[in-house]
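See structure below.
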Amino acid sequence: MADALLSASLQLLFDRLASPAFINFLGRQNHIDELLSELKRKLLVVHKVLDDAEVKQFSNPNVKNWLVHVKDVVYDAEDLLDEIATDALRCKVEAADSQIGGTHKAWKWNKFSAWVKAPFATQSMESRVNGMIEKLVSIAQEKVGLGLKEGGGEKLSPRSSISTSLEDESLVFGRDEIQKEMADWLLSDNATGDNMEVMSIVGMGGSGKTTLARLLYNDDRVKEHFHLKAWVCVSTEFLLIKVTKSFLEEIGSKTDSDNLNKLQLELKDQLSNKKFLLVLDDVWDLKPRDWEGWDMEPSDGEGWDRLRTPLLAAAQGSKIVVTSRNESIATTMRAVQTRHLGQLSPQNCWRLFEKLAFEDRDSNAFLELEPIGRQIVDKCQGLPLAVKALGRLLHSKVEKREWENVLNSEIWHLRSGPEILPSLRLSYHHLSLPLKHCFAYCSIFPRNHEFDKEKLILLWMAEGLLHPQLSDRRRMEEIGESYFDELLAKSFFQKSIRKKGSCFVMHDLIHELAQHVSGDFCARVEDDDKVPKVSEKTRHFLYFKTDYDQMVAFKKFEAITKAQSLHTFLDVKPSQYEPSYILSKRVLQDILPKMRCLPCCRCENIK
Ligand SMILES: Nc1ncnc2c1ncn2[C@@H]1O[C@H](COP(=O)(O)OP(=O)(O)OP(=O)(O)O)[C@@H](O)[C@H]1O
Ligand SMILES: [Mg+2]
């Protein structure tokens with residue numbers, strides 16, 4: 001799966017280069033046409049190894065850097081095409097206007113067209129394309145040295161770690177209450193009157209869904225209550241035959257057949273009038289990938305119906321517990337209850353960390369390292385996976401300095417905690433292309449930002465990130481809302497606990513992931529004392545002040561004029577409830593009009 005942002009941008013570029021309107025317009029300038037074809041050929045060379053680069057960037061910083069260079073050229077090319085499109089429009093309007101012979105209109109238009117022509121005046125289109133081609137030639141040469149191969153890349157194979165029902169439970173903290181409530185539900189009669197009911201556990205990667213399901217599965221009361229129990233790990237690919245077979249094996253009925261019909265009959269027979277508990281762990285979707293019975297790709301609903309049919313023969317009180325990062329699985333399976341696994345409390349995180357990091361250490365070491373440890377645990381924001389990885393990592397570190405290094409480094413850069421990033425990256429890989437774009441865009445906001453759903457959707461719209469299907473008649477806002485809801489259901493956002501309604505936050509580690517995939521084209525100023533670090537490459541600029549009731553000087557923003565490709569200028573308040581500051585009006589009057597392509601500009605603090 002190629003770098004989503006690049007791949008999509010390139011595809012869009014190729015489409016635009018091939019569009020009849022574009023070819024028509026350039027028909028008059030043959031040499032440019034040839035140059036652009038050459039540019040396309042060079043981009044295609046790079047495109048072929050993107051899959052491989054996407055995977056290797058996570059382990060090789062040079063590959064990540066290489067991708068930044070590719071993005072830079074792709075963005076330049078996008079801007080150039082925008083300018084050509086504007087020029088084409090200008091010619092069209094001028095031609096129409098000369099036919100009407102309007103004088104006032106012509107005056108107004110000339111003013112505008114003088115402005116849009118400006119980029120061509122400063123540097124000819126020809127030399128710009130030549131510049132891009134040159135860059136691409138060296139980029140293509142570098143790919144060899146980096147070992148990037150065509151057809152490389154990640155095949156989305158099932159996850160390497162398959163869960164089982166056994167693990168050390170003595171190290172589990174803070175889930176007593178939810179465990180008790182869920183166990184009570186498991187032991188109760190089915191309120192709906194159906195023979196079988198479903199409960200889902202939903203939460204982001206590493207929040208402890210499997211761990212909680214395991215606690216329930218191994219609970220003595222639960223063990224006694226059910227006639228049959230089965231633990232089936234589904235993982236990223238839903239294979240109907242495999243799941244049915246695993247269920248049969250778990251309840252002691254071994255079979256070699258791969259015939260779904262036979263397997264289902266056998267299962268129905270085994271379950272008949274028995275009360276069963278089935279844990280379906282780690283479900284990503286329910287579209288069967290292993291059965292040819294459908295002409296078209298089956299929906300999740302069809303997959304679930306197929307799976308559940310033989311289970312209906314079971315006795316009243318049978319239960320299924322499903323764990324997933326995706327809440328829509330619960331809807332598809334018509335779960336009677338959905339439990340969201342939130343953050344582990346700070347006290348419980350500390351207990352877990354303490355157990356792992358301080359085992360066998362003397363009390364002097366504890367005194368010295370505890371304050372640092374507590375800060376490190378804070379950074380994990382209640383995610384057990386992160387607490388555990390860091391606890392294990394720090395167990396091997398003795399020096400105070402080493403602990404401080406960990407505290408000050410980004411969690412991702414810890415080579416010894418590699419399970420965090422891959423685990424969350426998987427969620428990103430499973431998003432559709434437009435959702436990947438929208439998610440990565442969120443990285444321009446600072447950590448702990450409170451996202452207002454409606455405002456975010458408007459920004460996605462302004463940036464052109466929403467892609468309605470041809471037959472889609474919904475308004476753009478509705479499409480944006482469906483994107484957002486999907487990201488929320490898949491645990492990329494969480495509801496803000498500080499505020500009810502449409503206010504959402506992103507877990508720090510998810511935010512890190514967004515930054516990781518979106519690269520370095522964003523300048524963000526959060527600290528009022530610093531002058532923004534803006535380069536020619538900067539595409540998005542976000543000003544975010546945490547110190548209030550002051551006038552923010554115009555001087556601070558002058559650096560932005562360097563970023564001639566700026567697409568986004570945002571001046572946001574950290575939270576609706578914080579007092580405002582005031583941004584100099586001159587930013588609006590003297591700086592922003594100099595930007596030649598700025599589709600997205602929002603200033604919340606100009607008075
Ligand atoms: N309450 C807890 N106390 C201590 N450790 C926990 C707790 N919950 C989870 N863990 C640990 O955190 C790690 C991640 O937990 P788990 O595998 O259950 O997460 P998950 O939500 O199932 O993740 P995924 O979405 O990747 O399947 C495991 O090592 C687990 O032992
Ligand atoms: Mg799990």
Side-chain angles (χ1 to χ4, degrees), residues 156-183 199-219 231-238 279-285 321-330 338-359 377 379-395 411 416-431 489-492 494 507 509-510 513:
L156 276 176
S157 52
R159 303 175 72 181
S160 52
S161 69
I162 300 296
S163 78
T164 66
S165 64
L166 277 181
E167 212 184 84
D168 178 12
E169 288 163 13
S170 62
L171 264 184
V172 180
F173 300 99
R175 298 295 189 208
D176 309 346
E177 206 174 306
I178 191 169
Q179 184 192 347
K180 184 178 175 312
E181 284 168 18
M182 287 189 71
M199 178 184 264
S200 69
I201 307 174
V202 176
M204 68 183 274
S207 57
K209 303 178 291 297
T210 303
T211 306
L212 175 60
R214 204 180 272 132
L215 287 175
L216 292 164
Y217 192 81
N218 294 326
D219 185 310
W231 178 281
V232 177
C233 180
V234 179
S235 195
T236 42
E237 259 191 340
F238 178 62
V279 173
L280 285 174
D281 187 41
D282 202 20
V283 178
W284 288 69
D285 68 28
V321 173
V322 57
T323 82
S324 179
R325 296 183 184 190
N326 185 356
E327 197 179 341
S328 70
I329 294 295
T338 296
R339 307 303 304 247
H340 289 267
L341 265 200
Q343 301 178 351
L344 211 58
S345 71
Q347 295 83 335
N348 285 316
C349 285
W350 177 252
R351 285 170 69 198
L352 173 61
F353 179 84
E354 197 182 14
K355 192 104 183 126
L356 293 164
F358 289 107
E359 201 161 40
V377 170
K379 278 191 161 196
C380 300
Q381 292 188 332
L383 192 72
L385 173 68
V387 177
K388 210 165 166 177
L390 287 159
R392 279 206 221 105
L393 164 71
L394 288 161
H395 184 251
I411 286 175
S416 321
E419 64 263 54
I420 308 170
L421 179 57
S423 157
L424 299 181
R425 193 154 62 92
L426 208 58
S427 295
Y428 169 76
H429 274 312
H430 278 261
L431 292 177
K490 292 186 171 163
S491 313
F492 286 90
Q494 299 164 355
H507 191 283
L509 297 177
I510 297 279
L513 173 70

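Residue numbers start at 1 and run along the sequence shown. Just follow the structure's listing: the first ligand is 1, and inside any ligand the first atom is 1.
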Counting each atom of ligand 1 from 1 as listed, which ones have a heavy atom of [X] under 4.0 Å away?
X: Arg325; answer: 24 (P), 25 (O), 26 (O)
X: Arg175; answer: 1 (N)
X: Lys388; answer: 11 (C), 29 (O), 30 (C), 31 (O)
X: Leu171; answer: 3 (N), 4 (C), 5 (N)

Nitrogen or oxygen atoms of [X] and ligand 1 under 3.5 Å apart:
X: Gly174; value: no
X: Leu352; value: no
X: Val172; value: no

Which side-chain N or O atoms in residues 202-213 pair as donor and acceptor under 3.5 Å with protein atoms at least two apart or in another chain?
unit_1, atom_1, unit_2, atom_2, d
Ser207, OG, Met204, O, 2.8
Lys209, NZ, Gly203, O, 3.0
Lys209, NZ, Met204, O, 3.0
Thr210, OG1, Asp281, OD1, 3.0
Thr210, OG1, Asp281, OD2, 3.2

Distance-only donor-acceptor check, side chains Asn326 and Ser328, under 3.5 Å: yes

Contact check, side chains of Met182 and Ile201, non-hydrogen atoms, under 4.5 Å: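 They are in side-chain contact.
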
From the candidates Leu344, Thr211, Leu385, the one that places a heavy atom nearest atom 12 (O) of ligand 1: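 The residue whose heavy atom sits nearest atom 12 (O) of ligand 1 is Leu385.
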
Nearest-0.5 Å distance, NZ of residue Lys180 to CG of residue Asp219: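 Spacing of NZ (Lys180) from CG (Asp219) equals 10.5 Å.
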
Test side-chain contact (heavy atoms from CB on, under 4.5 Å) applied to Arg214 and Val279, step by step: CA-CA 9 Å; Arg214 204 180 272 132; Val279 173; over 6 Å; no

Working for side-chain contact (heavy atoms from CB on, under 4.5 Å), residues His340 and Glu327: CA-CA 9 Å; His340 289 267; Glu327 197 179 341; 3.2 Å; yes

Evaluation steps, side-chain contact (heavy atoms from CB on, under 4.5 Å), between Tyr217 and Val321: CA-CA 9 Å; Tyr217 192 81; Val321 173; over 6 Å; no

Proximity to ligand 1 by part of Lys209, non-hydrogen separation under 4.0 Å: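 Lys209 to ligand 1: contacts from backbone and side chain alike.
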
Test item, Gly203 contacting ligand 1 (heavy atom, 4.0 angstrom): no

Ligand 1 contacted by Ser207 (non-hydrogen, < 4.0 Å): yes

N, O or S from Thr323 under 2.8 Å to the Mg ion (ligand 2):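 Checking Thr323: none of its N, O or S atoms is under 2.8 Å.
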
Criterion side-chain contact (heavy atoms from CB on, under 4.5 Å) on Gln381 and Leu509, from CA distance to verdict: CA-CA 9 Å; Gln381 292 188 332; Leu509 297 177; over 6 Å; no

